[in-house]
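Have a look at the structure below, then the notes.
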Amino acid sequence: MSVTPHLFIPGPTTIPDEVRMAMNVPMIDMRSAEYPKLTLPIFEDMKKVFKMKDGRVFIFPSSGTGAWESAIQNTLKPGDKVLMSRFGQFSLLWVDMAERLGLKVELCDEEWGTGVPLEKYADILAKDKAHEIKAVFATHNETATGVTSDIAGVRKALDAAKHPALLFVDSVSGLGSLDMRMGDWGVDCCVSGSQKGFMLPTGLGILAVSQKALDANKSNGGMARCFFAWEDHIKTNDLGYFPYTPATQLLQGLRCSLDLIFAEGLDNVFARHHRLATGVRAAVDAWGLKLCAKEPKWHSDTVSAILAPEGIDSAGIVKTAYYRYNTSLGVGLNKVAGRVFRIGHLGALDEFMVGGVLFAVEMTLKDCGVPVKFGSGTGAAAEYFNKTATKAAELPKAKAA
Ligand SMILES: *Cc1c(COP(=O)(O)O)cnc(C)c1O
């Protein structure tokens, strides 16, 4: 028997059938007069998802890591000082990239399970009277530990210090699932990718930049770059084209994902993620397990990293779920390898799917020697979904048979 694998890693996420079908179309000519009909509305619609007030969006045939690189190369010079924090595998990799590209990183090394340290950022920025720090970096949603950070809070710290540094945000596992308000929060470079909230295969590096970032690009000059150079994209994007071959099939898919997201409504998408994540957290609680995220203020609505009980290898949990229940969970990365397993709950997801993964995890935990009571986690999630369900009176009236 062959059943589609149940994918509960925090990216790539499940691809809805509509999106998959939207990509299963004949290839079109990327230099034709028709091509901009596909691309120009995508650029405009992406601005709505990022909630931008000005600036523009770049789309590269790369993964999210490419968008990180593009943000740095186009605005900062080798030797520029930047403020960063590290509290999980993705914030760690961003620091690594910044150092390899020659930036001088002032680093806040934080406990894994916490997020961007707002007070430390505020202190450091207030003390930097000479404005040596050119950019402040924040990982919106640390996928390795299931921690969401307060980006509005970072903006407040910058404003309180009247600091002109650019604000860079990694929202690869946030955008399209968690609220992102680039305009309101004064975010200058926001990084995303196709394979998480956008429910697409990997292959698009998405970078939204403010007018301030575009100005920095002109005045600071950035560093050596080619593939990710903004200027080449600006020349061609305004007419709906790209400086090299775009990932047309992924753009076809992105058109469909944007349509799905707007049809549901961004606020409803965020509310759905919050509700489903709360159900997952209720289950974790009922199993007597703890999240890697240290406090509720860090809880991520897109991924839960769950600590395996003392003496139990989380990699064994992931492996058991995969082989026994055809269910992919996220492994623990780096410092938390062997200690956490992750449930990705972002993108195309509903109560039925959350119920399914919780059922599989419950069975797996028992298989791995964790003394959980069957029905405890799934039951707790069901209780929460039941209490918060759409009222019967609000459901559409059924048509007479
Ligand atoms: C997935 C992810 C990335 C980018 O990874 P790619 O594999 O290059 O797409 C970056 N940051 C976070 C927080 C992520 O979750």
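What you see below is based on every heavy atom in this structure, not just the backbone, and it leaves out hydrogens, waters and symmetry mates. Whatever order the structure lists them in is the order used to number ligands and atoms, beginning at 1. One-based numbering along the sequence shown.
- Relative ring orientation between Phe58 and Trp230 is described as parallel, the plane-to-plane angle staying below 30° on a 0-90° scale split at 30° and 60°.
- Taking the six-membered ring for Trp and thresholds of 30 and 60 degrees, Phe227 and Phe60 have ring planes inclined between 30 and 60 degrees apart.
- Remark: Lys134 fails to qualify as a cation-pi partner of Phe168 under the 6.0 Å distance and 45° angle criteria applied to the six-membered ring.
- Under the 3.5 Å distance criterion, the side-chain polar atoms of Arg86 are left unmatched by any main-chain donor or acceptor of Trp94.
- For a heavy-atom separation below 4.0 Å, the residues in contact with ligand 1 are Ser63, Gly64, Thr65, Trp68, Phe90, Asn141, Thr143, Asp170, Val172, Ser173, Gln195, Lys196.
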Stepwise ring pair (Phe, Tyr, Trp, His ring centres under 6.0 Å) check, His233 with Phe43: CA-CA 12 Å; His233 283 259; Phe43 283 122; 8.8 Å; no

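- The CG atom of Leu40 sits 8.5 Å away from the OH atom of Tyr241 when rounded to the nearest 0.5 Å.
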